[in-house]
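On a predicted model such as this, the values are computed, not experimentally measured, just so you know.
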Amino acid sequence: MGFKDAVRERIELVCNEIISNQLKYAGGHGLVQIWEYGNGEFSALDLFALDYGPGISNLPDAMKDGYTTSGTMGKGLGTIQRMSAEYEVYTLPPGLSHDSPWHGTAVWSRFYVGNKPPSHPFQYGHHLRAYQDDVYNGDCICVQPSIDSVKWLHADGLGHGKEAAEGLVGAEKVLDSVTPLDGTLQTLSQRLRGGRGAVAMACEIDFTALILRICGVGDMSAFLICNGERKVLNFSPGVLGHEHRSFEMVELPFPKQALFITASDGLRRNWNLNTFPGLWRLHPQFIALLLGNVVTRNNDDKSIFVIRATPIKGVENGKNR
């Protein structure tokens, strides 16, 4: 990937600390995933660790050097914090959330190839994982950011495997800065004629007007999380490339610090904000990875996109302050 030696040493140190913590505190019951990311603006490697241990009773203290419950030097989480370009740690002890399918500790650590990318008025993350870890994923997420808005297309090719994935090859070409969202889906539907088809949604967040626009068709999920509430958005039935209803555009206010999640039907819907208390303020990439590993079905492709508006100092409602 082009990492310098010093950065590769930091990656190794962080991975060692993650695994040591799982062995010491979670009985070795955990996983470590390595994800490569790149979007033309940056290239990065992510380490994501998830264990099934007792969790951490006092996370702020555990992040301090010297804190230990196992008689060691107590530098594990502090090392991860110092070595990573970005990181998150989340813990959920048993009994804290009665309806959660998971308890333990999760860690996300990111390393950039080169410099960290410049700030945008948003943060986003995604999780894409094929059924049975196949090389072909019938789900796709295409993102087109600009200075004051971001558009994305989230599609799920029917079925899974090579044929489902090939049906959506080139889907990013229907996404541009000019075409309305319903026109984007109509163009995609025309491209899919004669094949399996797909369900999809096209979304846009206008950071000047603080408006979320979305339209979609088929069995996909969208969740707007704001002010301690979760709003669920559903779409009319149908399949792009086959029979479907006309696309209905939905516009919603998108306050700063709101979180928006889109997902294929691989994400279960039997969760709420209290299932993972405190998770929703963390980085969208971490949220996508945690949800993708904990509340997804294992009999289909998985895809989750998470985005948050973030205030930029000196700019409010498109005007300099």
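Salt bridge status for R297 with D265: present, with a side-chain N to carboxylate O gap under 4.0 Å. The existence of a salt bridge linking D156 and R196 is excluded, since no basic side-chain nitrogen approaches an acidic carboxylate oxygen closer than 4.0 Å.
With hydrogens and angles disregarded, a donor-acceptor distance shorter than 3.5 Å links the side chain of T184 to the backbone of P180. Remark: side-chain polar atoms of H242 are paired, donor with acceptor, to backbone N or O of G195 under 3.5 angstrom. S303 places no side-chain N or O within 3.5 Å of a backbone atom of C140 that could act as its donor or acceptor partner. Side chain of T275 to backbone of N272: a donor-acceptor contact under 3.5 angstrom is found. Proximity of a side-chain donor or acceptor of K151 to a complementary backbone N or O of D176 within less than 3.5 Å is detected. Between the side chain of H283 and the backbone N or O of Q285, at least one donor-acceptor pair lies under 3.5 Å. W102 places no side-chain N or O within 3.5 Å of a backbone atom of F276 that could act as its donor or acceptor partner. A donor-acceptor pair is defined here as one N or O able to donate and one able to accept, closer than 3.5 Å; such a pair exists between the side chain of R308 and the backbone of W280. Proximity of a side-chain donor or acceptor of S109 to a complementary backbone N or O of V14 within less than 3.5 Å is not detected. Under a 3.5 Å cut-off, the side chain of T187 and the backbone N or O of G183 do form a donor-acceptor pair.
For the pair R110 and Y37, the distance from NZ or CZ to the six-membered ring centre is under 6.0 Å and the angle to the ring normal is within 45 degrees.
Contact of the E204 side chain with the L181 side chain is registered, since non-hydrogen atoms from C-beta on lie closer than 4.5 Å. Between L252 and F254 there is no side-chain heavy-atom pair separated by less than 4.5 Å.
Under the 4.5 Å side-chain heavy-atom criterion for ILVMFWY residues, no single connected hydrophobic cluster contains both W35 and F3.
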